[in-house]
Amino acid sequence: MIFGVDYYPEHWDKSEWEHQAALMKEGGFNTVRMGEFAWKLFEKSEGEFDFSFLDEAIEILAKYGIKTILGTPTAAPPKWIVNKYDMLQRDKYGREKGWDARRECCANSPDYIARTEIIVNEMAKHYADNPNVIAWQIDNEFGCHASTHCYCEHCRKEFAKWLREKYGTIENLNEKWGSVFWSLGYDSFDDIILPAYNSCEPTSGDLWSHNPALDLEYRRFSSDSWVKYQKRQIDIIRKYTSAPVTHNLMGHFSDISAYDLSKDLDFVSWDNYPDNQWGGSEHEYVSMAHETMRGAKDKNFIVMEEQSGPAGWDIMGRTPRPGELRLWTYQAIAHGAEGMVYFRFRTALFGMEQYWFGVLDHDGVPRRRFYELQQTGRELQELNDYIINAEPRYDALIVKSYDNVWAHDIKRHTADFSYRDLLYAYYKANIDLCVGTAVSRGSYDKYKVVYMPAYNIVTDGELDEIKAYVENGGTLVLSFRSGTRDEYNRVRPIAVPGVFAEMSGIEVEEFDAPRRSVSVGGEINGAAKVWCDVIKPVTAKVISKYAGEYYSGKAAVTVNDYGKGCVYYVGCDLDDSALKELVRMISKSAGIDAKDAPDGVEIIRKTSPKGDYTVILNFNETETEVDIKGKSLIEGGEFDGKLPPLGVEIIKERDRKIKKLY
Ligand code: GAL
């Protein structure tokens with residue numbers, strides 16, 4: 001399997017390259033990703049191309065058995081290009097973005113597109129037949145540094161074009177957008193504005209905001225713009241080579257749809273920094289990020305940048321504890337990674353990222369982190385056949401919708417509501433109960449339970465699909481703020497839960513954003529504090545009721561039989577422990593074996609071409625016991641249930657060989 005490092009030979013004197021390659025080999029690294037920020041070296045001045053430094057680096061690395069993933073350098077254009085051409089983004093006040101910090105260009109600038117096509121073409125032509133180039137990465141982290149949205153004139157024109165293609169006539173657009181409100185009717189597509197005021201800052205406190213239809217379409221358009229920009233590069237590369245193409249996405253990042261961005265890629269890769277200068281993430285949050293990336297294409301992925309040391313820009317982050325790099329690696333593998341590339345090999349002596357540590361420190365001397373990864377790499381290569389083409393065994397699906405991310409940002413319902421947090425709360429409850437949980441969309445039939453929290457924008461097609469799933473015996477879990485908007489971000493003229501009312505067997509008579517916590521009791525006990533739907537059951541059975549506020553005694557959580565399946569409706573947010581109890585109850589009724597993982601432990605069951613196994617990850621810095629024993633696939637001996645601090649175990653489940661999963 002790919003076990004590599006992100007490498008910047010241009011940061012080091014050539015005399016060091018050979019030694020660095022030898023060290024990589026010693027560390028067990030067999031792949032590097034290179035080139036993604038070296039535009040200035042590739043094209044010193046207009047039309048003067050020179051790939052010689054990279055040729056040499058690829059060659060030296062190859063001597064040590066190290067292959068290359070090549071990044072196109074378009075995230076960091078050189079100064080001569082931005083001096084000459086019009087390609088910098090504009091912020092919402094029309095100010096040009098400064099140059100010097102990468103990702104400053106506009107996906108719709110004809111000049112940026114033209115320069116991009118030229119450099120990518122030169123690069124692809126040059127490396128077309130190089131046997132050491134095994135894959136391509138397009139650009140670097142689209143959307144990073146808040147670069148998804150641009151407010152320049154090119155974007156305005158392209159947006160108008162995009163809308164014309166979608167709506168056909170301006171009358172149609174006006175009708176769908178409700179432009180009669182505040183005299184917002186447009187006479188022509190040329191009049192369309194960009195939602196520059198407040199649209200991307202829901203927390204700014206600024207009360208000004210745009211037509212929600214305009215705002216949502218602009219977010220879709222911005223996401224599409226990068227998908228299209230990426231596609232141009234992919235098309236060029238594919239003219240020259242059949243090497244697979246990827247892009248390094250960003251886990252939970254949601255300004256660009258990961259479904260759309262990954263549809264043209266051969267495989268997804270992503271960048272994982274669980275604990276950096278901005279703080280550490282809960283292990284469940286990282287695990288959900290992996291699943292989100294796996295769910296983008298519903299396929300295994302590669303981690304293209306995995307944290308390998310203390311990570312920070314202006315200040316340093318916490319130093320990963322002994323065993324933690326290995327633990328993060330196994331977490332990635334457990335959730336679908338088939339390759340690991342660590343950022344970066346040796347820590348930079350200069351530039352923005354002097355404090356973003358790599359496998360080696362500034363002095364390039366191998367120490368603890370190097371040896372820990374060396375050991376991890378050895379283990380992974382032994383486990384190769386258990387890793388490649390393995391699948392997590394999913395029972396549940398959390399449906400993530402980018403349309404809903406954006407629409408909920410635009411109209412947040414109440415100050416404390418967060419769609420992202422709600423999805424995470426459901427994911428966390430499931431993974432803490434050892435329920436294999438995908439984060440994706442569609443193909444509902446593969447799962448016993450489908451969670452669609454706050455699924456507010458629902459298209460007719462989606463509704464038909466989800467109905468069919470439940471009719472055929474599936475379990476659907478809906479929550480408050482669901483089913484009331486159409487794809488144009490208009491509210492439907494029906495009561496909450498809108499298009500889901502019939503399936504849920506309820507009516508919502510009123511709702512409340514309570515400002516203080518409201519007790520909930522019945523089969524599930526806990527408290528709500530963000531939202532309370534006051535439910536009138538029609539055919540549904542009541543699971544829990546409110547015990548507070550003027551709606552005390554009214555239903556809060558219900559379940560309804562529908563076809564051969566059933567629909568749960570959770571009318572309020574619930575504290576973590578109540579939500580966990582609810583998920584336990586739902587899982588049980590759907591035939592899922594849900595069991596508490598000890599605190600700080602993740603247990604993931606997988607199926608591979610070599611047989612089934614269970615991965616156990618201990619995120620505690622203390623020894624932790626689990627009630628699983630068996631043959632260890634890592635050490636070979638018997639696992640006695642005791643995990644060392646930050647320890648990992650993989651237990652073989654049974655000797656069963658299956659052919660091919662994909
Ligand atoms: C990533 C990026 C890398 C590097 C790293 C550490 O987001 O792709 O190029 O900047 O963060 O800051």
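Counting starts at 1 for both ligands and their atoms, in listed order.
- For the pair R220 and W406, the cation-pi criterion (under 6.0 Å, within 45° of the ring axis) is not fulfilled.
- Between H11 and Y8, the ring planes are parallel. Angles under 30° get that label, and only those over 60° would be called perpendicular.
- Of all heavy-atom pairs spanning F42 and P73, the tightest one is CD1-CG, 3.8 Å.
- For ligand 1, the 4.0 Å heavy-atom shell takes in F37, R102, N140, E141, D271, Y273, E305, W313, F343, E353, W356, ordered by chain and residue number.
- Within the 6.0 Å centre-distance limit, the rings of W278 and W313 are counted as a close aromatic pair.
- Side-chain atoms of D86 and H154 form a donor-acceptor pair, as typed in the model, at a separation below 3.5 Å.
- For the residue pair Q307 and D275, the shortest heavy atom distance occurs at NE2-O, 2.7 Å.
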